[in-house]
Amino acid sequence: MASSGIELRGVGYAVAGKAILTGIDLHLSEARIGIVGRNGSGKTSLMRVMAGLVAPSSGAVRVAGKDPARDRRAMLAQVGILFQNPDHQILFPTVGEELAFGLTQMGQATKDARLSARAILAQEGRAHWEGAATHTLSQGQRQYLCLLAVLAMEPATLLLDEPFAALDLPSQARLQRRLAGLPQQIITISHDPDAVAGCDRVIWLESGRVAMDGTARQVLAAFEAEMVRIGGLDADADLAS
């Protein structure tokens, strides 16, 4: 599945007058891209801007030539998001309803969407999940359900926000295996270098700006060295003003 990528030109984003992102110029066209940075570096805000969940305060974002914040319906076929916490994403009481919802948003009739959801679960070897209450699933199972719900809409690009952070090792392995075979462009946002080590390109965000952009090997070596340096300081001993 091809993607023309995501383009950001001079993008800035501010909340209550505080700059979160500043001067972001990126053309994201590679198949596997990682975005790393410390907590508070602007990674999640950048993801939300790229997906059109929030509009930039300045600059322009284009996904397949469209402004994602102005055409959210068009973005359903372009960008899918997998959040760190599946409980922030799941809306419906049963697995079948959750899977069918996105398909109805894409224009399928309710009956057809339920049949499609059933077929998706059967293909994944999880037909028995259809009537299960979503709250009874484990954390890893809920995250997997969210991925299936996103993939059902066949977006060109997947945005993953710390997708492995809350999962145990077996759940991480299952999710990584499923992601590895996908044809979509995948942009993974994480503070963990290991999560993006296999990417074609890695971008390091620091204080809302691009600190470095290049190969995974180059960028992660510099990022980890700086994190070690910062970790050796007692910067967290000061109270926030």
Side-chain angles (χ1 to χ4, degrees), residues 1-6 31 47-48 50-55 61-164 166-167 170-188:
M1 183 178 298
S3 170
S4 59
I6 298 174
M47 182 200 74
R48 292 172 65 82
M50 289 192 293
L53 299 180
V54 296
V61 181
R62 293 293 180 268
V63 178
K66 296 181 173 64
D67 182 341
R70 290 181 176 272
D71 197 345
R72 289 294 305 135
R73 187 171 183 82
M75 287 305 103
L76 292 176
Q78 292 298 329
V79 178
I81 307 171
L82 188 66
F83 292 101
Q84 176 180 347
N85 188 342
D87 295 334
H88 294 165
Q89 197 158 351
I90 293 173
L91 299 173
F92 289 87
T94 70
V95 169
E97 290 173 296
E98 184 67 26
L99 276 179
F101 173 69
L103 296 171
T104 61
Q105 294 294 99
M106 297 288 288
Q108 283 194 26
T110 300
K111 181 179 178 181
D112 292 337
R114 291 301 296 266
L115 290 173
S116 296
R118 186 173 300 163
I120 290 168
L121 289 171
Q123 186 175 10
E124 295 286 328
R126 290 165 171 80
H128 56 293
W129 281 20
E130 184 182 2
T134 52
H135 75 269
T136 65
L137 302 182
S138 70
Q139 180 86 359
Q141 289 171 332
R142 293 198 301 275
Q143 187 78 310
Y144 202 91
L145 170 60
C146 289
L147 176 62
L148 293 182
V150 170
L151 292 179
M153 294 185 282
E154 300 183 339
T157 297
L158 295 178
L159 301 178
L160 312 181
D161 186 14
E162 302 281 5
F164 310 113
L167 303 182
S171 297
Q172 287 183 31
R174 282 189 286 269
L175 184 59
Q176 286 172 329
R177 185 170 63 248
R178 188 65 177 84
L179 291 170
L182 294 177
Q184 280 91 347
Q185 179 188 46
I186 298 179
I187 301 175
T188 303

I want to check something: taking the side chain as every heavy atom from C-beta on, are [X] and [Y] in contact at a cut-off of under 4.5 Å?
| X | Y | result |
| --- | --- | --- |
| Leu53 | Ile81 | yes |
| Leu175 | Pro163 | yes |
| Asp87 | Arg142 | yes |
| Met50 | Val79 | no |
| Ile186 | Leu159 | no |
| Leu147 | Leu179 | yes |
| Leu137 | Ile90 | no |
| Pro155 | Val150 | yes |

Shortest non-hydrogen contact from [X] toward [Y]:
| X | Y | result |
| --- | --- | --- |
| Gln184 | Thr157 | CG-N, 4.4 Å |
| Met75 | Ala51 | CG-O, 4.3 Å |
| Gly96 | Ala117 | O-CB, 3.9 Å |
| Leu121 | Leu148 | CD2-CD1, 4.3 Å |
| Pro68 | Val61 | CD-O, 3.5 Å |
| Leu82 | Cys146 | CD1-CB, 3.5 Å |

Looking at [atom1] of [X] and [atom2] of [Y], how far apart are the two atoms once the value is rounded to the nearest 0.5 Å?
| X | Y | atom1 | atom2 | result |
| --- | --- | --- | --- | --- |
| Gln172 | Arg177 | CD | CZ | 12.5 Å |
| Asp67 | Arg62 | CG | CZ | 5.0 Å |
| Arg126 | Gln141 | CZ | CD | 8.0 Å |
| Gln176 | Leu167 | CD | CG | 9.5 Å |
| Glu154 | Leu76 | CD | CG | 12.5 Å |
| Glu130 | Arg118 | CD | CZ | 4.0 Å |

> Can you check side-chain contact (heavy atoms from CB on, under 4.5 Å) on Glu124 and Arg178, steps first, answer last?
Replying inline: CA-CA 10 Å; Glu124 295 286 328; Arg178 188 65 177 84; 2.7 Å; yes
> Taking the inter-plane angle between the rings of Trp129 and Tyr144 on a 0 to 90° scale, is it parallel (under 30°), tilted (30 to 60°) or perpendicular (over 60°)?
Replying inline: perpendicular
>> We want to know whether Ser116 and Gln108 form a side-chain donor-acceptor pair, criterion being a heavy-atom distance below 3.5 angstrom.
In response: yes
Tell me if a side-chain donor or acceptor on [X] pairs with a main-chain N or O of [Y] at a distance below 3.5 Å.
| X | Y | answer |
| --- | --- | --- |
| Glu98 | Leu91 | yes |
| Gln89 | Phe83 | yes |
| Thr104 | Ala113 | no |

>> One pair to check against salt bridge (charged side-chain N to carboxylate O under 4.0 Å, His left out): Arg114 and Glu97. What are the steps and the verdict?
In response: CA-CA 7 Å; Arg114 291 301 296 266; Glu97 290 173 296; 5.0 Å; no
> Taking it one step at a time, do Ile187 and Ile6 satisfy side-chain contact (heavy atoms from CB on, under 4.5 Å)?
Replying inline: CA-CA 10 Å; Ile187 301 175; Ile6 298 174; 4.0 Å; yes
